[in-house]
Amino acid sequence: MVSYIIQIISASLGSVGFALLFNLRKDKIPYITVGAALGYCIYLALMHYTASILISNMAAAMFCTALAEIYARWRKAPTTLFLMSHIMPLVPGGSLFYTMRSMVQQDQAAFASYGMDTILAAAGIAVGILAATSARYIIQSYQQNFSH
């Protein structure tokens with residue numbers, strides 16, 4: 001349990017770092033912190049219960065994208081600013097590093113294992129963002145069609 005709390009705090013602080021790197025205004029930092037923490041909580045919970053990298057990353061990315069869309073409308077800022085900072089903790093940097101290290105060391109078994117984890121994590125993030133963004137456009141389209 002303590003390790004989960006440390007990971008969530010680290011994910012939040014890392015997202016704040018990326019928000020500052022993107023020159024996001026300081027009044028939006030609390031939203032970045034909350035979004036990253038909640039998204040990473042979803043990732044950790046699903047990894048604990050499903051042990052599926054694809055599903056965990058996909059669900060967390062869907063949540064982060066939906067939350068970024070809400071924050072963007074509410075705070076009148078581009079969705080991308082919130083989304084990129086929310087998604088950063090999910091990026092499989094460690095897995096990618098071990099994939100490349102295994103390739104350089106010509107350890108084909110480890111390369112295949114880490115490579116598959118990296119691809120599944122990246123695919124989960126991409127599909128999650130795509131699904132949430134598509135859902136928003138569909139909902140927005142229905143709202144516009146029925147409001148006339």
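These numbers were taken from a predicted model, which means no experiment stands behind them. Quick note: residue numbers are just sequence positions, from 1.
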Query raised in the report: Is there a donor-acceptor pair closer than 3.5 Å between any side-chain N or O of Thr133 and the backbone N or O of Ile129?
Result: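 Such a contact is found between Thr133 side chain and Ile129 backbone.
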
Query raised in the report: Counting distance only, does the side-chain N/O of Ser102 pair as donor-acceptor with the main-chain N or O of Asp107 below 3.5 Å?
Result: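 Between the backbone of Asp107 and the side chain of Ser102 there is no qualifying donor-acceptor contact (under 3.5 Å).
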
Report task. Just jot down the ring-ring contact (aromatic ring centres under 6.0 Å, His included) partners of Phe18, sequence neighbours excluded, or say none. Result ->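 Counting only residues at least two positions away or on another chain, Phe18 forms no ring-ring contact (aromatic ring centres under 6.0 Å, His included).
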
Measuring only between side-chain heavy atoms, which start at C-beta, is [X] closer than 4.5 Å to [Y]?
{"X": "Ile125", "Y": "Met58", "result": "no"}
{"X": "Ser56", "Y": "Thr50", "result": "yes"}
{"X": "Ile87", "Y": "Leu90", "result": "yes"}
{"X": "Arg101", "Y": "Phe111", "result": "no"}

Hey, could you give me the [atom1]/[atom2] distance between [X] and [Y], rounded to the nearest 0.5 Å?
{"X": "Ser12", "Y": "His86", "atom1": "OG", "atom2": "NE2", "result": "9.5 Å"}
{"X": "Leu67", "Y": "Leu83", "atom1": "CG", "atom2": "CG", "result": "10.0 Å"}
{"X": "Ile138", "Y": "Gln143", "atom1": "CD1", "atom2": "CD", "result": "12.5 Å"}
{"X": "Leu120", "Y": "Ser95", "atom1": "CG", "atom2": "OG", "result": "9.0 Å"}
{"X": "Ser134", "Y": "Ile139", "atom1": "OG", "atom2": "CD1", "result": "11.0 Å"}
{"X": "Leu96", "Y": "Ile119", "atom1": "CG", "atom2": "CD1", "result": "10.0 Å"}

Establish whether [X] and [Y] are linked, either directly or via other cluster members, by ILVMFWY side-chain heavy-atom contacts under 4.5 Å.
{"X": "Leu21", "Y": "Met84", "value": "yes"}
{"X": "Met116", "Y": "Leu54", "value": "yes"}
{"X": "Leu20", "Y": "Leu24", "value": "no"}

**Report entry** Minimum-distance pair of heavy atoms, taken over all atoms of Met62 and Ala132
**Finding:**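 Minimum heavy-atom separation between Met62 and Ala132: O-CB, 3.6 Å.
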
Query - Pro78 to Ala72 - nearest heavy-atom pair and separation - result: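 Taking every non-hydrogen atom into account, C-CB, 4.1 Å.
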
Query - Residues Leu81, Lys28; criterion side-chain contact (heavy atoms from CB on, under 4.5 Å); working and verdict - result: CA-CA 10 Å; Leu81 293 178; Lys28 293 178 177 55; 5.6 Å; no

Requested in this report: Kindly indicate, with the supporting measurements, whether the criterion side-chain contact (heavy atoms from CB on, under 4.5 Å) is fulfilled by Arg73 and Thr79.
Outcome: CA-CA 8 Å; Arg73 302 295 174 278; Thr79 304; 3.6 Å; yes

Around [X], counting heavy atoms of other residues, nucleotides and ligands shown, do more than 12 lie under 6.0 Å from its [atom1]?
{"X": "Gln106", "atom1": "CD", "answer": "no"}
{"X": "Tyr71", "atom1": "OH", "answer": "yes"}
{"X": "Met100", "atom1": "CE", "answer": "yes"}
{"X": "Gln108", "atom1": "CD", "answer": "no"}

Query raised in the report: Are Asp27 and Arg75 ion-paired here, with the side-chain N under 4.0 Å from a carboxylate O?
Result: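 Looking at Arg75 together with Asp27, the answer is yes, because their closest N to O distance falls below 4.0 Å.
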
List the atom pairs, donor and acceptor, that lie under 3.5 Å between side-chain atoms in residues 29-46 and the rest of the protein, sequence neighbours left out.
from  : atom 1 : to    : atom 2 : distance (Å)
Thr33 : OG1    : Ile29 : O      : 2.9
Tyr40 : OH     : Gln7  : OE1    : 3.3

